[in-house]
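Written below as structure tokens is the structure these notes are about.
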Amino acid sequence: MRRIDLMVHGSLISVHGYGLLFSALFALFSANAQVGLKLQLVHETTAIVPGQPFRVGLFIQHEKGWHTYWRQPGIVGVPTSIVWTLPEGFKAGPLEYPEPEATKMFQIKAQGYERDVLLQTEIQAPASLKLGTRITLQGRAAWMCCANTCHPDTKELTLVLPVGEKSAPDPHWQPVFEKERATFPQESESWSASAEEKGLNITLTLRPASARARRFDQEELPKVIFFTEDGWINSDQDQTVSLTEDGILIIKLVRAEVFFGKGTPERLNGVLQRKGGWHADGSLRSMSIHPLLRR
């Protein structure tokens, strides 16, 4: 069991184990509105068209040295979320997260964002809207922002948009929405993944499956990282990446000691990130994989 030493408001405390760490964080770190970040609701298009879907987003700007968390933060942290309060007839889809970054809560490796990031969702508008009216969208955002201290918090946010017969891309925000969507993790038929679990050790094997697969060199291996989608993998443990002579990638992972999901997963659910892209043309920096776990 690992002991973790944390500096909290000038005092050093020790926490034994990750389960206790969550309790310590929420008990010791006081919420302080928007510490380490700024956030706002933004819109991809200039108007709401009756009966049509449209996209809005939660834009987060982090101060230097601060971070928030991906939809699966790893063994520590809290994912950013939003609960919508919408006018009658509107329906919001799930919050969509772009590719994660490797970050740290104190000494502990986690999955989140230090850069400015846009989390977006699609909302379906009812067909009964009256042209020329204005619609107020409201959502309560919740997050944890960390640097040397951690600050969980929530905030009510609003966004007002007109109802129009037509809509156009917002000149400022539409490029941001599009850029973030380009980083969404996706599956690829150019690579074939398999996984084997023995005790707490998991071996992930990745094989090129088509000519489109971008080949590896040894210098690139340290830049490959696996992000767990469900918490089955311990995000704080080192990942060992090696390459065989015939271009097969082998990644050694460590399973988390505590799993908060429902039942034992049958698949290894994660995102493999490669800065130069998984395809020969440099595309697909973050690839979703879901191979069966052989046990």
Side-chain angles (χ1 to χ4, degrees), residues 1-41 57-83 95-120 139-157 180 183 225-239 254 256-260 270-271 273 286:
M1 186 71 73
R2 177 177 175 180
R3 191 187 82 171
I4 305 159
D5 296 323
L6 307 178
M7 184 65 67
V8 182
H9 303 315
S11 299
L12 185 67
I13 64 169
S14 295
V15 180
H16 294 268
Y18 296 118
L20 293 178
L21 178 60
F22 281 108
S23 299
L25 287 171
F26 282 98
L28 294 172
F29 300 146
S30 61
N32 189 349
Q34 295 191 212
V35 170
L37 55 69
K38 295 179 181 178
L39 69 171
Q40 60 180 313
L41 290 182
L58 178 64
F59 185 62
I60 305 173
Q61 296 172 282
H62 298 94
E63 296 178 13
K64 186 176 181 180
W66 293 82
H67 66 269
T68 53
Y69 295 92
W70 191 45
R71 56 185 171 84
Q72 168 52 252
I75 62 169
V76 291
V78 176
T80 301
S81 63
I82 189 166
V83 177
L95 194 61
E96 300 171 3
Y97 300 72
E99 62 182 7
E101 297 174 339
T103 187
K104 284 188 177 182
M105 175 191 282
F106 311 106
Q107 308 163 17
I108 307 168
K109 298 174 186 175
Q111 304 179 161
Y113 304 102
E114 295 183 4
R115 65 177 179 87
D116 294 348
V117 65
L118 175 69
L119 313 181
Q120 54 187 288
R140 175 173 285 274
W143 67 91
M144 176 182 278
C145 193
C146 297
N148 293 326
T149 59
C150 278
H151 300 266
D153 204 355
T154 65
K155 184 179 178 63
E156 290 284 354
L157 300 168
E180 292 285 36
T183 74
I225 184 170
F226 177 89
F227 295 92
T228 178
E229 285 187 335
D230 55 12
W232 189 246
I233 299 301
N234 187 332
S235 61
D236 189 45
Q237 291 290 331
D238 290 338
Q239 301 177 10
V254 179
E257 296 182 21
V258 178
F259 180 60
F260 295 101
V271 171
Q273 192 171 98
S286 292

Stepwise salt bridge (charged side-chain N to carboxylate O under 4.0 Å, His left out) test for R71 and E96: CA-CA 9 Å; R71 56 185 171 84; E96 300 171 3; over 6 Å; no
Chi angles and distances behind the side-chain contact (heavy atoms from CB on, under 4.5 Å) call for F59, V117: CA-CA 6 Å; F59 185 62; V117 65; over 6 Å; no
Chi angles and distances behind the side-chain contact (heavy atoms from CB on, under 4.5 Å) call for D153, Q34: CA-CA 7 Å; D153 204 355; Q34 295 191 212; 5.6 Å; no
Audit row: V258, I75, side-chain contact (heavy atoms from CB on, under 4.5 Å) steps and yes/no: CA-CA 9 Å; V258 178; I75 62 169; over 6 Å; no
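Shown here for V76 and A110, the closest heavy-atom pair between the two residues is CG2-CB, 3.9 Å. Closest non-hydrogen pair, T183 versus P98, comes out as OG1-CB, 3.1 Å. Heavy-atom minimum distance, C146 versus M105: SG-CE, 3.8 Å. Taking both residues in full, the closest heavy atoms of A141 and L39 are given as CB-CD1, 4.0 Å, listed atom of the first, atom of the second, then distance. Closest approach of S235 to G74, counting heavy atoms only: OG-CA, 3.4 Å. Counting all heavy atoms, side chain and backbone alike, G231 lies closest to A256 at O-CB, 3.5 Å.
Under the salt bridge (Lys or Arg N to Asp or Glu O under 4.0 Å) criterion, E114 pairs with no residue, sequence neighbours left out. Residues satisfying the side-chain hydrogen bond (donor to acceptor under 3.5 Å, both in side chains) criterion with W66, sequence neighbours excluded, are absent altogether. Taking the side-chain hydrogen bond (donor to acceptor under 3.5 Å, both in side chains) definition, one finds that T80 meets it with nothing, sequence neighbours left out. A search for side-chain hydrogen bond (donor to acceptor under 3.5 Å, both in side chains) contacts involving Y69 returns H67, not counting sequence neighbours. Residues satisfying the salt bridge (Lys or Arg N to Asp or Glu O under 4.0 Å) test with R115, not counting sequence neighbours, are E101, E180. Remark: F226 pairs with no residue by the ring pair (Phe, Tyr, Trp, His ring centres under 6.0 Å) rule, at least two apart or across chains.
Annotation: side chain of Y113 is in contact with side chain of L119 (closest heavy-atom distance under 4.5 Å). Annotation: side chain of C145 is in contact with side chain of L37 (closest heavy-atom distance under 4.5 Å). V271 has its side chain within reach of E229: a pair of non-hydrogen atoms, C-beta onward, lies under 4.5 Å apart. Taking 4.5 Å as the limit, some side-chain heavy atom of L58 sits within range of a side-chain heavy atom of I60.
Under the 4.0 Å criterion applied to side-chain N and carboxylate O atoms, E63 and K38 are not assigned as salt-bridge partners.
Side-chain N or O atoms of Q111 include one that pairs as donor or acceptor with a backbone N or O of Q72 at under 3.5 Å. A donor-acceptor pair under 3.5 Å is formed between the side chain of D236 and the backbone N or O of K109.
Taking CD from Q120 and CG from L95, the interatomic distance works out to 9.0 Å, rounded to the nearest 0.5 Å. Rounding to the nearest 0.5 angstrom, the gap separating the CD1 atom in I82 from the CH2 atom in W143 is 10.0 Å.
Side-chain polar atoms of E99 and S286 form a donor-acceptor pair below 3.5 angstrom.
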